[in-house]
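Keep in mind that the numbers below use all heavy atoms, side chains included, and drop hydrogens, waters and symmetry copies. Chain identifiers are assigned alphabetically (A, B, ...) following the order of the sequence lines, protein sequences preceding nucleic acid strands; residue numbering begins at 1 within each chain.
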Protein chains: 2
Amino acid sequence: MTRSPKADSKGRKLSSFLCFAVYSANLAFGRAYKPILDAFGLTYTQYIALIALSEADEQTVSALGEKLFLESNTLTPILKKLEQSGYISRTRDPADERQVRVSLTAAGRRLLDKEINASLVEATGLGDEFPIVQKSVVRLRDNLLHHTRGDSKKG
Amino acid sequence: MTRSPKADSKGRKLSSFLCFAVYSANLAFGRAYKPILDAFGLTYTQYIALIALSEADEQTVSALGEKLFLESNTLTPILKKLEQSGYISRTRDPADERQVRVSLTAAGRRLLDKEINASLVEATGLGDEFPIVQKSVVRLRDNLLHHTRGDSKKG
DNA sequence: TCCGATTAGATCGGATACGATCTATATTCA
DNA sequence: TGAATATAGATCGTATCCGATCTAATCGGA
């Protein structure tokens, strides 16, 4: 169909942009999860941080940041909030006072052990395709990150 | 998805969460695009808004928001910035003073006609898989949005 | 015609992201 | 040892997102 010249020349429609698909899928995740997470007093990012924390105890902020692709400027405020909420603990490492060790508290662990996950996975409505889509998006992300790394300074 | 109640008591790995894959893919897009968009003085969101604006002239803020899955609280500041940058025009509709009509300026159109797109698509590194991944993510997003609509107030 | 309801944006506050910068601690090496 | 350097977090300013609320304009019914 001959759309106006501008939409055609190079001008694909917005919906054909992968970046927009991911961008809006991320918004959609946030909204789909919100009512569920609200019940636990969590935000989307806080929930993701808790999952990363469930993988190991005594992680440093940097280690956590590598998993989440975030740095201390973003993580510190979030971790402080999670600490205030009682879901995690933050302590300076006595062996190296520069580092802060972060762990789930019992309350935090209980939270994740609830069926929070089941209700959330269901919201994707992807069925059997779930793992396939997941793999593709992971590869996409890694390609993008790799492409970015080609710069000069630190990632 | 019928995943076992708990893949491990420690929880599945963060990387196995689709929500995290999308979340981090979105972060990765932002970073991969940033050096390219910086050269044009654009942020990621502003760029996406411009693409949506390239599809039609004289769109209302609401119409634009439907495409972008955003509302006036998010769009208004962004559109004001794009107006200040000279890439778009904002005018109250004389027929209905409540509505604001938004269009690309000549400068905005020139910007999108540059090869900004080509360099950006390349960064995904997905090759032939590009359209497949794109479709899956779109469906995922729509499922999530549909799931959300059932819950609360406005659709 | 007038008043209430609706609609379209705009504003405000809280919570991310992120670049730039700062502080405190640790390490290196002359 | 001590100054320069490096590292780990923390802080700050800007730009999104989003819920809640506000204002202005339009519409609808009596």
For B:Ser103, which of B:Glu58, B:Arg90, B:Arg109 qualifies under side chain to side chain donor-acceptor pair (under 3.5 Å)? B:Glu58
Of B:Arg101, B:Lys67, B:Glu66, the residue whose pairing with B:Gln59 passes side chain to side chain donor-acceptor pair (under 3.5 Å): B:Lys67
From CD1 of A:Ile78 across to C1' of D:dT11 the rounded distance in Å is 15 Å
For C:dA17, take OP1 and OP2 only and decide whether either is under 4.0 Å from a side-chain N or O of A:Thr45. yes
Can you identify which nucleotide, out of D:dC18, C:dA17, D:dT16, has its nearest atom closest to the B:Gln46 side chain? D:dT16
Taking only N and O in the side chain of B:Arg90, is any of them less than 4.0 Å away from OP1 or OP2 of C:dA10? yes
Starting at atom CG of B:Leu75, determine the distance to atom C1' of C:dT11, rounded to an integer number of angstrom. 14 Å
Report the nucleotide, chosen from D:dT26, C:dA17, D:dC17, that has the shortest atom-to-atom distance to any side-chain atom of B:Glu97. D:dT26
Between C:dA15 atom P and A:Leu37 atom CG, what is the distance in whole Å? 15 Å
Rounded to whole angstroms, how far apart are CZ on A:Phe20 and P on D:dC17? 11 Å
Nearest to the B:Leu27 side chain among C:dA10, C:dT7, C:dC18, which nucleotide is it? C:dC18
Whichever of B:Lys34 and A:Tyr44 has the more 5' nearest nucleotide on DNA chain C, that residue is A:Tyr44
A:Lys81 side-chain proximity, nearest of D:dG19, D:dA10, C:dT16: C:dT16
Side chain of B:Ser62, heavy atoms from C-beta onward: which of C:dA8, D:dG9, C:dA17 has the nearest atom to it? C:dA8
Heavy-atom side-chain contact between B:Val138 and B:Gln134 under 4.5 Å: yes
Specify the residue among A:Pro77 and A:Arg98 whose closest nucleotide of DNA chain D lies further upstream toward the 5′ end. A:Arg98
Just so I know, are the side chains of A:Val102 and A:Thr60 near enough to count as touching, which here means a heavy-atom distance under 4.5 Å? no
Is there a side-chain contact between B:Gln99 and the phosphate of D:dA24, meaning an N or O under 4.0 Å from OP1 or OP2? no
Could you check how far CG of A:Leu79 sits from P of C:dA17, rounded to whole Å? 12 Å
With nearest nucleotides of DNA chain C determined for A:Asp93 and A:Asn73 from heavy-atom distances, which residue corresponds to the more 5′ nucleotide? A:Asn73
Can you tell me how far P of D:dG9 sits from CG of A:Leu68, to the nearest Å? 13 Å
OP1 or OP2 of D:dT11 under 4.0 Å from side-chain N/O of A:Thr76: no
Using 0.5 Å steps for rounding, measure from the CG atom of A:Leu68 to the CD1 atom of A:Ile51. 9.5 Å
What's A:Leu70 touching, base or sugar-phosphate or nothing? Going by heavy atoms closer than 4.0 Å. sugar-phosphate
To the nearest 0.5 Å, how far apart are CG in A:Leu82 and CG in A:Leu50? 5.0 Å
Gap between atoms CG and P, on B:Leu50 and D:dT16 respectively (whole Å): 11 Å
Roughly how many Å is it from CD in B:Glu71 to C1' in D:dA20, rounded to a whole number? 11 Å
Among C:dA24, C:dA8, D:dT16, which nucleotide sits nearest the side chain of B:Thr43? D:dT16
